[in-house]
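Here's the structure, in structure tokens; my notes come after.
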Amino acid sequence: MIEFLDVSKLFGDHKALDNATIRIEDGTTIGIVGPNGAGKTTLIRLLCGILNPTSGKIIIDGLDLQKHPTEIKKKIGYLPEEPNLYERPKAGELLEYFGLLYGVPRNKINQRVDELLNLVGLSDRKDWRVSSFSKGMRQRLAISRALIHDPKIIVFDEPTMGLDPLTSRKIREFITTLKKEKTIILCTHYMYEAEQLCDKIAIIDKGKIKAYDTVENLKSSYIKEKTFKIGLKGIKKEILDNISSDENLRIEENGDNYLIIKTKSYENLKNILKEEITYFEDLTPSLEEVFIKLVGKKDD
Amino acid sequence: MIKQMVKWELRRLFKNRKFKIAFTLQLLVILLIIPLFGSYVKALEEGGFFNLSVGGKGYLPIGISSEKNSLTNIISENKRFDILWIEEKEGMELLRNGRISALLVIEKDFEEKIRSYRSSSVQIYINTQNPKSVSAYSELNSILLGFRDGAIEARIRDLSIATPNIELIFQPPTTNIESSQNQNTAQGQGPVNTTNIPERPSNFQEQIERTRASFEDERGGYIVLLVLLLPLFLSGGMLIDLLISEKERRTGEMLLALPIEREKIFYSKFISIMTIILFQLLFWVLALYFFGRIANPLIILPLTITAILLLSITGLIGVYSKNYKDSALIVTVTFILLFLLLFGTSTLYVAGLKEVAAISPLSLVIAIENGTYSLKEAAISILPSLSFSLVLIYLSTVLYRKDEFYFGPRPTISDLIFEFAGKLQFNRKIFSPYIISLIFGFIAIFISIVFEIFFGIITLYFTESIFAILLLWATIEEFSKSIGVFSAKKYYPLKWHEGMLAGMASGLGFALLENIIFTFFTLNIFPDYAVRVFIMRTFLSGSIHILSTGVIGIGIAERKYLVPFFLLGILIHFVYNLTVLQGVL
């Protein structure tokens, strides 16, 4: 269990995080979303013990991070926004170094390095210098560095940013495989990524946590009506009258052979239209709409 | 874990191209210095005086107009001189024609006068259109200085006279021999070096030889420093590189995520570079010892202390700087200051001001080389440097623990000062401003010393005015002391009388520590006067420090009067300095 209790972080006079409170259950995947400079990275750096909070407490598995930093840091694997890798060493040497610093036993380190390089598809590059790696390879190597000590909690800061679609997809698939056994905190710009991978989402803006809930709950909380596009065999007067008489249904658009309807309940609509429906499309806004609604602007 | 990190850093360093280039260059420079150093030592062993001039045997043709005596015997031993024994008139002609580089005219009864401790004169004529003249003048001048010192020592020893009446006039080389002659004639100043030594002679030659030997030996030790300081300064730069490269390339973020205390990251880098320095020092000291260039490998101890001092300073710069650009200026200024401080003090040591210069660990290197060191001297050399280094290392770790030095907007020095002041706040608020001011008063003495040396040298160079120096020092000290009052004001809204009291507290702190330092030096140089100095300074200097900063404190409390009260405080201090200089007090 990870608990952020009224955590604030000041840099000079600037409040990068303002009284953040979040509880993260073990084994869940949490998405941190927000515009640039919202405080996402500050939040996860605080969680990793890279930054010290100005006020508030971060409790992980019942231990205060401020009081037991080394004990807690051993449980966390961190992938920063930029891979931040040393250039000169070979991939294997780099993983070995970090493994030893994280307390992986010397007699098991080689096996662990091989396992991880295999997992991220870099097993044939073990003896290559990091300086020769492409951006995608660096990111994959950085992921294996974050996993070298088999941490209970994994923190990813923008893991797919700037990567090509294929590599991004591979990384998302990889995160999905990790979901089964780890607590994952994923900081991302991409709403679909958060929606696809995360059990819960925290929306953060100007250092404040604006919302924190499951994707469905966020949508239902912030978007009261669902929007559907329904194709019909023919638009009969009887159907239109029935819809108009239901206070939960509202016709937004009346096409030649389709209707766009806003409703709080799909069930009512289904009962009215029955066999007339030829096709159905859910036009309900995505998480991005929730985000825009909360943050008040499109993310750049 | 530190061991693992140190091993990693060392591997990184040895694989680093920048390090390899720096190391190779350093090796080449040292290898170039060694033969140079060897030739100097050889020249010394052959009986020549140490001199920075170049050239081999008979390189400098000089004329001597004199009978042979103890001075000409010493000059003859110098293999660089090709001596012509000529009359003064003929010598002048040869000098004009460039056939000789200098002409030495020694009084006929020179030997007799010197042995009976009477005045005698020696004139050096040079023709500066001849490039060798400067070298000849420099060499001859060195010999004359050695000769004079020998004569003084002989007199002190034989007659047990504590304060000999010695007059020594230096005259730099003139642009041509005519003007040199005219000036001498017109002003009636015949001698370049004049020694007024009355009365009886005794074991005179032995004394001269002993002084000359000491003169040579100390310069030998001095040159060792040139060789061994190079790796130290280069390694200091490497520590900065290790610290800043982690910030610039963001690799340090991963280090901060490691399950390790932050200060250990700093220590691992410090230890890595220290290991390299120790390895290099050990190598060079053993190599020089093996080849007979140094007498005692124990010099590695003060050199290690110097290395720790240097690394602690560069470490602090590395932690404070955000990037290379940031560090470049600070490092340049610091290295110049440090070089001045270390070499300046060791030069003073060689020049004979041993009590003052003993504070530098490099002076101990010379003392060990000459076999003249004592436990007291070792303690004076080592303890201040080591203590200062430990304070700086502690400060570095304090800063390294702060997030802002890696991620956020870096706090300015004044922010840090105010933050430190904030930590000094007392439970009882009524005393806090005065406690803050008092503690900052203690610290102000160190700030003042650094700035007074640095700006003092510059001011003296450009103005050559002791008044300017006194005004500068008064200003620097008052500014340093006022930091405490400004810090107190940051946290407490001081009224004019509270500002005055805070200023007085800062002045008191400054005066107390300054007195202890002064007394310590007096105890070392003139032990009989130490108590008197302490009492006098307590009442006079102490009162002035309290008064002047008290006045400034009023200005700080009442901002609209800041400038006039600041100027008044400085004026009080300056007037006091003047009265001390004039001997009124």
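A, B, ... follow the sequence lines: proteins, then strands. Residue 1 opens every chain. Just so it is clear, the values below take in all heavy atoms, side chains as well, and ignore hydrogens, waters and symmetry mates.
Options A/I50, A/N52, A/T42 differ in how many heavy-atom pairs under 4.5 Å they form with chain B, and the most are formed by A/I50. Interface remark: of the candidates A/E71, A/H149, A/R145, A/R145 forms the most heavy-atom pairs closer than 4.5 Å to chain B. Of the listed residues (A/I76, A/L10, A/T70, A/L85), the one with the most heavy-atom contacts under 4.5 Å to chain B is A/T70.
Salt-bridge check for A/E93 with B/R11: passed, with a basic side-chain N closer than 4.0 Å to an acidic carboxylate O. Looking at A/R45 and B/E253, a side-chain N of the basic residue comes within less than 4.0 Å of a carboxylate O on the acidic one, giving a salt bridge.
Proximity to chain A is limited to the backbone of B/R249, based on heavy atoms less than 4.5 angstrom apart. For chain B, no part of A/I72 is nearby; none of its heavy atoms comes within less than 4.5 Å. Interface remark: A/K75 contributes no atoms to any contact with chain B (heavy atom separation under 4.5 Å).
The minimum heavy-atom distance linking A/L94 with B/W8 is given by the pair CA-CH2, 4.2 Å. Minimum heavy-atom separation, A/Y78 to B/A257: CD2-CB, 4.2 Å.
For the atom pair B/L258 CG and A/Y97 OH, the distance stands at 7.0 Å (nearest 0.5 Å). Going from atom CG of A/N84 over to atom CG of B/L255 covers 10.0 Å, rounded to the nearest 0.5 Å. For the atom pair A/K73 NZ and B/I260 CD1, the distance stands at 9.0 Å (nearest 0.5 Å).
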(request) Please report the C-alpha distance between A/Y86 and B/E246 in whole Å, then the side-chain angles of each, then the deciding distance to 0.1 Å, and finally whether the side chain to side chain contact (heavy atoms under 4.5 Å, CB included) criterion is met. (result) CA-CA 9 Å; A/Y86 293 113; B/E246 300 275 17; 2.9 Å; yes

(request) Let me see the working for A/E87 and B/R12 under side chain to side chain contact (heavy atoms under 4.5 Å, CB included), right down to the final yes or no. (result) CA-CA 10 Å; A/E87 296 287 318; B/R12 264 180 75 202; over 6 Å; no

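Residues B/M254 and A/P80 are in side-chain contact: their nearest non-hydrogen atoms beyond the backbone lie under 4.5 Å apart.
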